[in-house]
Asks: 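Sending over a structure as structure tokens; questions will come in a sec.
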Amino acid sequence: MNEIKIIGIDLGGTQLRAGVVSEGRLENIVSVRIPSEGSVDEVLQVMYELIDPLVDENIKAIGIGVPSVVDIEKGIVYDVQNIPSWKEVHLKKILEDRYQIPVFINNDSNCFALGEKYFGKGKNFHSMIGLTIGTGLGGGIIINDKLYAGVNCGAGEFGCVEYLDQYVEYYASGQFFENCYQTNGELVYKKALEGDPLSIMIFEEFGTHLGNAIRMILYTYCPELIVIGGSISKAYPLFQENMWKRIRTYIYSNTLDKFHLEISELENPGILGAASLYYDRRS
């Protein structure tokens, strides 16, 4: 792994970010705004302009994380979030034809989990789940040191599981603040840090819902480790107590003694995770 150079690409809804992973380090980070309302070819042209300067004879592969459903084997991406024209793009073939090197594509939650596995908190664990908590709740599953993505990246969509009168994501992601209190999570976070009692209570309630979600994951996958990332992870001190109260109701206490939960400290997880697709497929 240390002598191989891989381009990692994080395709977001508004930003396209890329870098070269070499000897365990991330180099040459570049980014550009995506013409979200552009055609398929217009968005591809922006991608070429970002990738072209990074490609040389030392690059062994390109890994791409996308916020969408992916046919992993064929490298087809479907219905990319915030890019309406990308309904069905045969991205693997397009890029392999252009650059003549292997291209690996997966969704962004799976890439986050792989990034933690190879570069972050998951290095010393064989089974783990990466949870990305922002405007939604997504998950990536590592079993026996390998990514388990399911069919078309369908595994790990814990946010879509039915919960209370809605689904998990409704209560255990950034949607919670708008759905239940008609407010913005950033504003609640700011007020909570200032000591506002209502804002603190809102985060405690959020922690209860997230704890229930994690307990559900423990019952279904029982991983050694869960790593939490995404924008809400920075508020962990505000919700951790209530979250752990729910987690500790998990009935297999001996198993819980071996369970680890960490907050991601990885910089540029999207780029590192995308590059990690190469390591996952090679291993």
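Fair warning: this is a prediction, and the values are worked out from it, not measured in the lab. Every heavy atom of this structure was used, including side-chain atoms; hydrogens, water molecules and symmetry mates were not.
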Asks: Please answer whether the main-chain N or O of Asp145 pairs with a side-chain N or O of Lys117 as donor and acceptor at a distance below 3.5 Å.
Replies: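 No; zero donor-acceptor contacts below 3.5 Å.
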
Asks: Just to verify, what does Ser127 make a side-chain hydrogen bond (donor to acceptor under 3.5 Å, both in side chains) with, not counting sequence neighbours?
Replies: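 Only Glu224 meet the side-chain hydrogen bond (donor to acceptor under 3.5 Å, both in side chains) criterion with Ser127.
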
Asks: Quick one: list whatever passes salt bridge (Lys or Arg N to Asp or Glu O under 4.0 Å) with Lys87, sequence neighbours left out.
Replies: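 Once residues adjacent in sequence are excluded, Lys87 has no partner under the salt bridge (Lys or Arg N to Asp or Glu O under 4.0 Å) criterion.
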
Asks: Restricting to pairs with a member in residues 166-178, which pass side chain to side chain donor-acceptor pair (under 3.5 Å), not counting sequence neighbours?
Replies: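 Qualifying pairs: Asp165-Tyr171, Glu169-Gln175.
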
Asks: List in chain and number order the residues that pass side chain to side chain contact (heavy atoms under 4.5 Å, CB included) with Glu27, two or more places apart in sequence or in another chain; answer none if no residue qualifies.
Replies: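 Residues passing side chain to side chain contact (heavy atoms under 4.5 Å, CB included) with Glu27: Ser22, Arg25.
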
Asks: Applying salt bridge (Lys or Arg N to Asp or Glu O under 4.0 Å), can you list everything that pairs with Lys258, at least two apart in sequence or on another chain?
Replies: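 Checked Lys258 against salt bridge (Lys or Arg N to Asp or Glu O under 4.0 Å); zero matches.
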
Asks: Sort and list the pairs that fulfil ring pair (Phe, Tyr, Trp, His ring centres under 6.0 Å) and have at least one residue in residues 248-277, not counting sequence neighbours.
Replies: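 Sorted pair list: Phe125-His260, Tyr219-Tyr250, Tyr250-Tyr252.
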
Asks: With sequence neighbours excluded, what pairs up with Ser264 under the side chain to side chain contact (heavy atoms under 4.5 Å, CB included) test?
Replies: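 For Ser264 the side chain to side chain contact (heavy atoms under 4.5 Å, CB included) partners, ignoring immediate neighbours, are Phe112, Glu116, Val227, Leu266.
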
Asks: Considering only residues two or more places apart or on different chains, which pairs with a residue in residues 188-199 satisfy side chain to side chain donor-acceptor pair (under 3.5 Å)?
Replies: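 Residue pairs with at least one partner in residues 188-199: Asp196-Ser199.
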
Asks: Could you tell me which residues satisfy side-chain hydrogen bond (donor to acceptor under 3.5 Å, both in side chains) with Glu96, sequence neighbours excluded, listed by chain and number?
Replies: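 Only Lys92 meet the side-chain hydrogen bond (donor to acceptor under 3.5 Å, both in side chains) criterion with Glu96.
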
Asks: Could you list the residues that satisfy salt bridge (Lys or Arg N to Asp or Glu O under 4.0 Å) with Glu73, not counting sequence neighbours?
Replies: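 Result, salt bridge (Lys or Arg N to Asp or Glu O under 4.0 Å) vs Glu73: Arg281.
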
Asks: Quick one: side chain to side chain contact (heavy atoms under 4.5 Å, CB included) partners of Glu88, sequence neighbours excluded?
Replies: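 Partners of Glu88 by the side chain to side chain contact (heavy atoms under 4.5 Å, CB included) criterion, ordered by chain and then number, come out as Ile76, Tyr78, His90.
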
Asks: Ignoring hydrogens and geometry, is there a side-chain-to-backbone donor-acceptor pair from Asn242 to Glu204 under 3.5 Å?
Replies: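 Yes; at least one donor-acceptor contact below 3.5 Å.
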
Asks: Not counting sequence neighbours, which residues clear side chain to side chain contact (heavy atoms under 4.5 Å, CB included) with Val55? List them please.
Replies: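 For Val55 the side chain to side chain contact (heavy atoms under 4.5 Å, CB included) partners, ignoring immediate neighbours, are Ile7, Ile51, Tyr99.
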
